[in-house]
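Quick notes on the structure that follows.
All figures in this text were calculated on a predicted structure; none of them were measured in a lab.
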Amino acid sequence: MIDGKHSVLRLDSVSRVFGDVAAVNGVSLQIRAGEFFGIIGPSGCGKSTLLKMMAGIDSPTTGEIDYQEKPIVVSKLRFPEIVLVWQSLALFPHMNVAKNVEFGLRVRGVTVNDRKARVAAALSMVGLEDFRERRIDELSGGEQQRVALARALILRPRVLLLDEPFGSLDPHRRGELQVALTKLHRETGITFVMVTHDQSEALTLASRIAVMNAGHFDQIGTPEAILASPTTAFVARFVGNKNVYAGVIENIVNNTYTVRTRVGVFLAVARPETPLQLAQGSKVVYIIPADQIVEGAIHVNATKGMFLGRVMLGSSQIIRLAVADDCILSYERCRNGHGTNGPTPEMSDRTVSWPDTAAYLLAG
């Protein structure tokens with residue numbers, strides 16, 4: 001059993017089964033009061049199903065979910081401190097902004113005067129003070145998202161659950177809402193739990209992250225720890241920009257592994273923070289962070305590939321090469337051509353390399 005005395009939400013071996021499919025499978029987790037917690041994973045991995053169980057909308061098939069040491073059951077009113085903001089927003093198109101925001105208070109029988117004051121305060125929190133009389137169809141996607149947040153915040157929740165809060169927004173509106181959410185979290189002290197398939201959102205906003213894979217958690221930790229030290233091949237592929245290749249250890253000398261992969265034979269120095277019991281012939285996963293690869297045969301590990309294309313990421317770019325056995329290798333470099341790699345002319349072939357201390361291994 002997990003000790004829930006120091007957590008606002010506690011999940012203990014929670015599963016949710018639909019027919020023969022386990023959408024959530026044996027998940028355990030503690031979320032601290034005031035924390036901004038992110039749950040990331042690909043579409044269909046069970047994130048939204050898990051969120052609905054936290055909100056008391058759906059029940060676990062097995063396991064327990066507690067809020068402040070009290071079991072969460074399927075009931076709309078038993079835990080009013082927990083509020084879910086749906087991915088679809090579920091705003092009422094026949095109501096204006098103010099009436100949408102006050103709806104939950106009306107259902108709970110709050111007086112008219114109190115409703116007016118709390119609507120004004122909630123709209124102020126999300127920067128929509130001048131939008132009281134606007135119809136929902138007159139708002140942008142980002143403004144509608146803020147109305148949904150105000151409708152949740154007006155209920156004064158202790159826990160705010162967010163289901164893909166930026167999914168329908170363009171990059172500019174997404175950035176604005178991320179700033180607004182961070183500000184709200186700091187000012188209110190509410191516990192935020194956000195699920196998203198977009199790792200950059202969680203890495204930017206959350207203080208801790210759970211990486212979900214096929215109904216279970218592969219890894220839970222800070223963004224920095226998950227980026228630097230993934231514990232499974234799935235996490236290494238899903239979080240950050242890394243090259244991940246299956247391999248076999250051919251030799252071990254002084255904590256340096258020689259690994260044969262589909263793209264070549266390379267070296268990796270053992271990392272103290274990820275101790276592995278490996279021997280010659282062990283199957284492993286060989287990982288190269290994209291930002292550790294440079295152009296030219298500068299380091300001990302090198303390979304040649306054909307230029308496929310590039311992806312622009314602000315001031316940097318990701319270059320993709322076709323390397324041996326039809327695999328792809330990606331590396332990061334400055335977009336303006338300055339820095340250690342120098343300019344990148346487009347060419348049919350190029351050589352890249354990385355140090356043995358930059359690569360690392362996981363059990364295969």
Side-chain angles (χ1 to χ4, degrees), residues 1-14 24 26-41 46-60 63-86 104-105 108 118 121-122 124-126 146 148-166 177-196 201-212 217 219-226:
M1 296 293 289
I2 297 174
D3 180 11
K5 291 183 179 179
H6 302 292
S7 59
V8 63
L9 280 174
R10 181 190 70 95
L11 288 73
D12 188 3
S13 302
V14 171
V24 176
V27 166
S28 295
L29 173 67
Q30 293 184 79
I31 298 175
R32 298 184 289 268
E35 189 170 21
F36 198 133
F37 193 88
I39 302 174
I40 63 175
K47 304 183 303 295
S48 294
T49 299
L50 187 61
L51 207 66
K52 286 192 286 186
M53 289 190 289
M54 291 183 188
I57 295 169
D58 200 1
S59 297
E64 298 178 354
I65 303 180
D66 292 349
Y67 168 71
Q68 293 187 336
E69 302 184 70
K70 298 177 182 178
I72 292 178
V73 297
V74 176
S75 170
K76 291 184 179 179
L77 299 178
R78 182 164 184 180
F79 288 97
E81 302 96 335
I82 303 175
V83 176
L84 170 62
V85 179
W86 296 90
L105 298 183
R108 296 183 182 186
R118 288 170 66 174
S124 177
M125 290 178 74
V126 297
R146 288 172 186 249
L149 279 173
R151 188 172 64 178
L153 293 168
I154 203 170
L155 301 176
R156 296 172 179 169
R158 297 287 299 277
V159 178
L160 188 61
L161 307 176
L162 303 164
D163 187 9
E164 299 281 3
F166 313 107
L177 192 58
Q178 287 177 356
V179 172
L181 271 184
T182 302
K183 184 171 181 286
L184 284 172
H185 180 248
R186 290 175 179 173
E187 291 178 349
T188 63
I190 295 171
T191 303
F192 280 27
V193 182
M194 177 182 71
V195 303
T196 177
E201 294 170 359
L203 293 170
T204 299
L205 299 173
S207 53
R208 273 198 311 149
I209 294 171
V211 184
M212 200 166 188
F217 290 152
Q219 188 171 353
I220 300 172
T222 64
E224 295 80 9
I226 289 176

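- Between atom OG of residue Ser124 and atom CG of residue Leu153 there is a gap of 11.5 Å, rounded to the nearest 0.5 Å.
- Phe192 meets the ring-ring contact (aromatic ring centres under 6.0 Å, His included) test with Phe36, His185; sequence neighbours excluded.
- Results of the side chain to side chain contact (heavy atoms under 4.5 Å, CB included) test with Arg186 over Thr182, Leu184, Thr188 single out Thr182 as the only residue that passes.
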Walk me through it: do Asp58 and Lys52 pass the test salt bridge (charged side-chain N to carboxylate O under 4.0 Å, His left out)?
CA-CA 6 Å; Asp58 200 1; Lys52 286 192 286 186; 5.5 Å; no
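- Of the inter-residue distances, the one linking Ile31 atom CD1 with Thr191 atom OG1 reads 8.0 Å to the nearest 0.5 angstrom.
- Without hydrogens or angle criteria, Ser13 side chain to Gly63 main chain gives no donor-acceptor distance under 3.5 Å.
- Side-chain atoms of Ile72 and Leu9, non-hydrogen and from C-beta on, do get closer than 4.5 Å to each other.
- Asp66 is listed as a side-chain neighbour of Pro71, based on a closest heavy-atom distance under 4.5 Å.
- Here the side chains of Pro157 and Ile190 are in contact, with some heavy-atom distance below 4.5 Å.
- In this structure, the side chains of Leu50 and Met54 come closer than 4.5 Å at one or more pairs of heavy atoms.
- Distance check: Met212 CE to Ile40 CD1 gives 12.0 Å after rounding to the nearest 0.5 Å.
- Atom CG of residue Leu84 and atom CG of residue Asp163 lie 6.5 Å apart, to the nearest 0.5 angstrom.
- A distance of 11.5 Å separates CZ in Arg118 from CE in Met125, rounded to the nearest 0.5 Å.
- Classification of Glu69 and Arg10 as a salt-bridged pair fails, no side-chain N sitting under 4.0 Å from a carboxylate O.
- You'll find the side chain of Gln68 reaches within 4.5 Å of the side chain of Arg158, heavy atoms only.
- With a 4.5 Å cut-off on side-chain heavy atoms, Val83 and Val159 do not count as touching.
- In this structure, the side chains of Leu160 and Leu149 come closer than 4.5 Å at one or more pairs of heavy atoms.
- Here the CD atom belonging to Glu164 is positioned 4.5 Å from the OG1 atom belonging to Thr196, to the nearest 0.5 angstrom.
- In this structure Phe217 satisfies the ring-ring contact (aromatic ring centres under 6.0 Å, His included) test with no other residue, sequence neighbours excluded.
- Listed by chain and number, the residues in a side-chain hydrogen bond (donor to acceptor under 3.5 Å, both in side chains) with Arg156 amount to none (sequence neighbours excluded).
- Using a 4.5 Å cut-off on side-chain heavy atoms (C-beta onward), Phe37 and Val8 make no contact.
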